[in-house]
2 protein chains.
Amino acid sequence: MRIAELSRQSGVPVPTIKYYLRENLLPPGELTSPTQARYGERHVQRLRLIRALVDIARLPIATIREVLCEIDQPDPVLHYVLGRVMKSTLTPRGQVDPDRLTAAEQKVDEMIARRGWQVSAEAPARQAVAEVLATLAELGVGDLGDALDEYAEAAERIAEADLATVSTRENPEELVYAAVVGTIIGDRLHSGLRRLAHENASATRFALGAPPPPDC
Amino acid sequence: MRIAELSRQSGVPVPTIKYYLRENLLPPGELTSPTQARYGERHVQRLRLIRALVDIARLPIATIREVLCEIDQPDPVLHYVLGRVMKSTLTPRGQVDPDRLTAAEQKVDEMIARRGWQVSAEAPARQAVAEVLATLAELGVGDLGDALDEYAEAAERIAEADLATVSTRENPEELVYAAVVGTIIGDRLHSGLRRLAHENASATRFALGAPPPPDC
């Protein structure tokens with residue numbers, strides 16, 4: 001198909017497609033003349049993935065390039081691919097009080113030890129979790145009590161379900177694709193489900209007598 | 001304290017503080033002369049909250065203004081405040097195939113019915129979850145099998161733990177503050193914990209014989 005048809009099928013405007021081609025996010029089409037190229041189904045699929053990473057995961061273009069490059073590796077080893085993808089998609093905030101961060105890192109290490117999790121000392125997610133805990137403490141809502149362990153147990157169940165889902169794919173390339181997409185796009189699924197569960201828990205737990213006050 | 005000291009204590013540069021003052025994110029200080037104002041501890045706290053909403057939740061300034069306004073309401077009713085905050089922080093993507101979206105909405109409705117959740121038909125999170133499911137289907141990784149119910153059950157446990165944590169606060173203003181901050185900033189906590197749990201599950205489940213392939 002021509003670029004106009006590619007644009008129609010993917011919902012991505014032609015100038016944006018040309019930008020992705022220049023940025024090497026999208027592989028070039030097959031040249032049919034010096035100024036025209038033909039595109040196929042894999043271009044449609046790739047554009048949909050790029051749009052999802054832009055719109056839902058809000059990843060910057062440079063990070064998307066790294067993620068796509070990882071997905072395109074031949075003979076991928078899931079564990080290491082995921083490790084590298086996480087490193088590029090979980091950037092530290094780096095604005096937290098060092099003492100609070102040290103205290104939070106210790107809490108995370110203790111939680112990991114209690115659960116017996118096998119995670120590397122340099123896992124970017126370890127730092128990300130510690131930063132969030134330190135930030136919550138800074139904002140005066142850091143006393144989670146036993147909730148951190150509840151959260152970790154819930155994360156464990158989610159991760160088991162995630163792996164069970166992707167493991168149905170036998171081809172390593174497809175497995176890695178499903179795992180990377182599911183991990184990155186899945187964040188928004190879980191935050192949506194958590195909000196629905198909040199609404200339900202709040203409707204169940206709190207009396208709802210008063211009418212809603214005026215909007216902000 | 002003067003604005004320079006406020007900048008030092010909060011870690012926010014003076015020009016950024018002035019921008020937040022102009023945008024009405026930060027209440028004005030107490031004027032001590034026509035060109036000088038004095039700031040207090042609540043300004044330090046407010047700046048930390050704004051920075052967390054910018055850096056961690058990546059919310060746009062207009063949305064942060066709405067969230068802060070909700071937090072500042074007197075006599076807040078948690079259920080309705082959270083509902084409105086969710087509406088402003090969960091913006092729909094709006095780029096999904098309508099047929100796929102309809103199919104996904106039905107899946108979400110069925111899941112909500114199976115769990116007996118009390119959630120309003122217009123909950124923005126319902127739409128957000130359906131959009132993610134439709135996007136995953138579009139990307140060819142939409143067959144979650146029983147995982148959606150597993151995910152929902154995990155979300156329920158997280159929401160229960162969230163509410164148990166915030167409910168220890170007796171003052172309604174503090175309760176609403178903790179719930180709003182915990183919901184928005186908590187998303188990053190859960191995505192970090194999920195990645196740690198992934199690493200553990202992947203280390204446990206998959207053989208890790210091959211050395212890591214070269215980086216992208």
Side-chain angles (χ1 to χ4, degrees), chain A residues 11 48-49 52 55 66 69-70 73 77-80 86 93 95 117-119 123 125 128-129 132 135 138-139 141 144 147 150-152 154-161 163 165 178 181-182 187-203 205-206 208 210 212-213 216, chain B residues 11 48-49 52 55-56 66 69-70 73 77-80 86 93 95 117-119 123 125 128-129 132 135 138-139 141 144 147 150-152 154-161 163 165 178 181-182 187-189 191-203 205-206 208 210 212-213 216:
Chain A
R48 286 190 180 139
L49 176 56
D55 293 341
E66 284 174 48
C69 166
E70 289 288 355
Q73 293 289 309
V77 179
L78 178 64
H79 189 74
Y80 300 118
M86 292 317 111
R93 197 186 155 213
Q95 279 219 345
W117 280 357
Q118 294 182 45
V119 291
V129 169
V132 178
T135 300
E138 204 165 81
L139 298 174
V141 294
L144 298 183
E150 281 283 326
Y151 296 152
E156 218 170 272
R157 294 186 57 164
I158 292 171
E160 281 299 331
L163 280 213
T165 307
V181 171
D187 275 343
R188 193 170 157 94
L189 178 65
H190 295 292
S191 70
L193 288 173
R194 179 167 164 252
R195 278 155 176 68
L196 285 177
H198 273 167
E199 183 175 336
N200 171 59
S202 144
R205 183 186 278 251
F206 296 110
L208 291 177
C216 273
Chain B
R48 287 190 180 138
L49 176 56
D55 293 341
I56 298 188
E66 284 174 46
C69 166
E70 289 287 355
Q73 294 288 310
V77 179
L78 178 63
H79 189 74
Y80 300 119
M86 291 316 111
R93 199 187 152 210
Q95 279 220 346
W117 280 358
Q118 293 182 45
V119 291
V129 169
V132 178
T135 301
E138 205 165 79
L139 297 175
V141 293
L144 298 184
E150 281 282 328
Y151 296 154
E156 218 170 271
R157 295 186 57 165
I158 292 171
E160 281 298 332
L163 279 214
T165 306
V181 171
D187 275 345
R188 193 170 156 94
L189 179 66
S191 71
L193 287 174
R194 180 167 163 252
R195 278 155 175 67
L196 285 177
H198 274 167
E199 184 176 334
N200 171 60
S202 144
R205 184 186 275 251
F206 296 109
L208 291 177
C216 273

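Reminder, nothing fancy here: chain letters follow the sequence lines and each chain counts from 1. Both backbone and side-chain heavy atoms feed into the values below; hydrogens, waters and symmetry mates do not.
- Both the backbone and the side chain of A:His198 come within contact range of chain B, with heavy atoms under 4.5 Å apart.
- When all heavy atoms of A:Thr165 and B:Tyr151 are compared, the closest pair comes out as OG1-OH, 4.4 Å.
- Remark: side-chain polar atoms of B:Asn200 are not paired, donor with acceptor, to backbone N or O of A:Val119 under 3.5 angstrom.
- Annotation: maximal heavy-atom pairing with chain A below 4.5 Å, among B:Leu196, B:Val129, B:Leu49, occurs at B:Leu196.
- Contact count versus chain A (heavy atoms, under 4.5 Å) is highest, among B:Glu66, B:Glu138, B:Glu160, for B:Glu138.
- Both the backbone and the side chain of A:Ser191 come within contact range of chain B, with heavy atoms under 4.5 Å apart.
- Counting heavy-atom pairs closer than 4.5 Å to chain B, the top-ranked of the candidates A:Val181, A:Leu163, A:Thr135 is A:Leu163.
- Contact annotation for B:Leu78: only side-chain heavy atoms (C-beta onward) come within less than 4.5 Å of a heavy atom of chain A.
- Scanning both residues, B:Gly192 and A:Ala125, for their nearest heavy atoms gives O-CB, 3.5 Å.
- The two atoms that bring B:Ala52 and A:Leu139 nearest to each other are CB-CD1, 4.0 Å, heavy atoms only.
- Legend: residues meeting salt bridge (charged side-chain N to carboxylate O under 4.0 Å, His left out) with B:Glu150, ordered by chain and number and at least two apart, are A:Arg157.
- For the options B:Ala128, B:Ala159, B:Ala123, heavy-atom pairs under 4.5 Å to chain A are most numerous at B:Ala159.
- Closest approach of A:Glu199 and B:His79 over heavy atoms only: O-CE1, 3.5 Å.
- Under the rule for a salt bridge (charged side-chain N to carboxylate O under 4.0 Å, His left out), the partners of A:Arg194 that lie at least two apart in sequence or sit in another chain are B:Asp162, B:Asp187.
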